[in-house]
2 protein chains.
Amino acid sequence: MSQNSRKILSEHSVSITNPRILVLEALLDFGNPITIDELQLKLGDSVAKSTLYRVLNDLKKINILNEFTSPDNSTVVELILEDHSHHHHLFCSDCGEVIDVELSEEFEIMLTKEIQKVQKKFNFEITDHRVEMFGLCTEECANCKKN
Amino acid sequence: MSQNSRKILSEHSVSITNPRILVLEALLDFGNPITIDELQLKLGDSVAKSTLYRVLNDLKKINILNEFTSPDNSTVVELILEDHSHHHHLFCSDCGEVIDVELSEEFEIMLTKEIQKVQKKFNFEITDHRVEMFGLCTEECANCKKN
DNA sequence: AGCATAAATGAGAATTTATCTCATTTTTTT
DNA sequence: AAAAAAATGAGATAAATTCTCATTTATGCT
């Protein structure tokens, strides 16, 4: 249903266009995170390459898209929706998979305290943080089995 | 003194060449981390572009170079020397500066525990992790003042 | 609904970043 | 010191992202 995407766009007063809907649909459908490569495959030629990048930048501007780089240097993108709580990332160095990970409440509290210390020490205004973990997924991973 | 660089290279049984020494000197002299851009500037044309990338890859191979991507998508590189203890990174979203940050012992212990939980939950073998913090440096920053 | 204006798009050119090729030079081995 | 192996420079190539501009689409107004 494209209603979700339309709603997201209008809530952020961004004009509703076909490419934007298609990109949002793809992101919603896949469930994040996804590499730009995979996203392009998924979209086929329904959205021009230049437009895809433009749309991703639009989404970043309205703060509903998070972008980061995986250990193998591919760009990964993920929607940040209201129901999408604070989390971190686990990367498989072999197959490139990225998994969303939530850490414990106590840990987050402690991390917040650490961040406050860092803010003071370096006179920074820290607006965001992330914990990234790298490793190898084991037996279960269908992608890794392929190799 | 190029003795340090020579020592580093020979300790890792990597042949001692001029470009390698120059790149190591630059990294040691600057104090990490540094963007590849800045590194190129620093080296001028004393080392060919292709050689620079090759040398960086060589250093990665012998595990004395850490590479990551800053929020503005530039590649940042940093030497990992013995005396260089475990640390994390603080990025200024404005001027692009990257600062090494050490967090408290207790925090690291707790993080290790969290990582063990994640390993079990996702059946991963986690080999590395990093905490990245983003924000704005304030008055003190010479770079930001420029803007 | 229909028009005018502003904004977004597609297609390909241009830019940027990193890797590759290969003839020459430097290092290592003997 | 000579031979063999490895590294380098310069430029070509490749991949990822942004830019340009003519055309299309969305929006605001009547």
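It should be emphasised that the depicted structure is a prediction, and the values quoted were computed from it without experimental measurement. Lettering follows sequence order; numbering is per chain, from 1.
- The aromatic rings of B:His89 and B:Phe91 sit tilted, their planes meeting at an angle between 30° and 60°.
- By the 4.5 Å heavy-atom criterion applied to side chains, B:Glu67 and A:Asn73 are counted as neighbours.
- A centroid separation of 6.0 Å or more is found between the aromatic rings of B:Phe134 and A:His129.
- Between A:Lys49 and B:Ile36, the residue anchored nearer the 5' end of DNA chain C, judged by the nucleotide with its closest heavy atom, is A:Lys49.
- In this structure, B:Asn57 reaches the sugar-phosphate backbone alone: every heavy-atom distance under 4.0 Å involves primed, P, OP1 or OP2 atoms, never a base.
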Polar-atom pairs under 3.5 Å, protein N or O versus N or O of nucleotides 25-29 of chain C: list them with distances, or write none.
residue	atom	partner	partner atom	Å
C:dT28	OP1	B:Ile16	N	3.1

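- Rounded to whole Å, the distance from CG on B:Leu52 to C1' on C:dT17 is 12 Å.
- Look at CG on B:Leu56: it is 13 Å from C1' on C:dT17, rounded to the nearest Å.
- With C:dA8, C:dA11, C:dA18 as the candidates, the nucleotide lying closest to the side chain of A:Arg20 is C:dA8.
- You can see that DNA chain D meets the heavy atoms of chain A within a 4.0 Å-exclusive cut from D:dA16 to D:dT27, reading 5' to 3'.
- No side-chain donor-acceptor contact under 3.5 Å links B:Glu114 and A:His88.
- A donor-acceptor contact closer than 3.5 angstrom links the side chains of B:Asn57 and B:Lys60.
- The closest side-chain donor-acceptor pair between B:Ser70 and B:Asp72 falls under 3.5 angstrom.
- Looking at heavy atoms from C-beta onward, A:Val77 lies out of side-chain contact with A:Pro33 at the 4.5 angstrom threshold.
- Only one option out of B:Leu24, B:Thr51, B:Leu43 pairs with B:Pro19 in a side chain to side chain contact (heavy atoms under 4.5 Å, CB included); it is B:Thr51.
- If you measure from atom NZ of A:Lys61 to atom C1' of C:dA8, you get 12 Å, rounded to the nearest angstrom.
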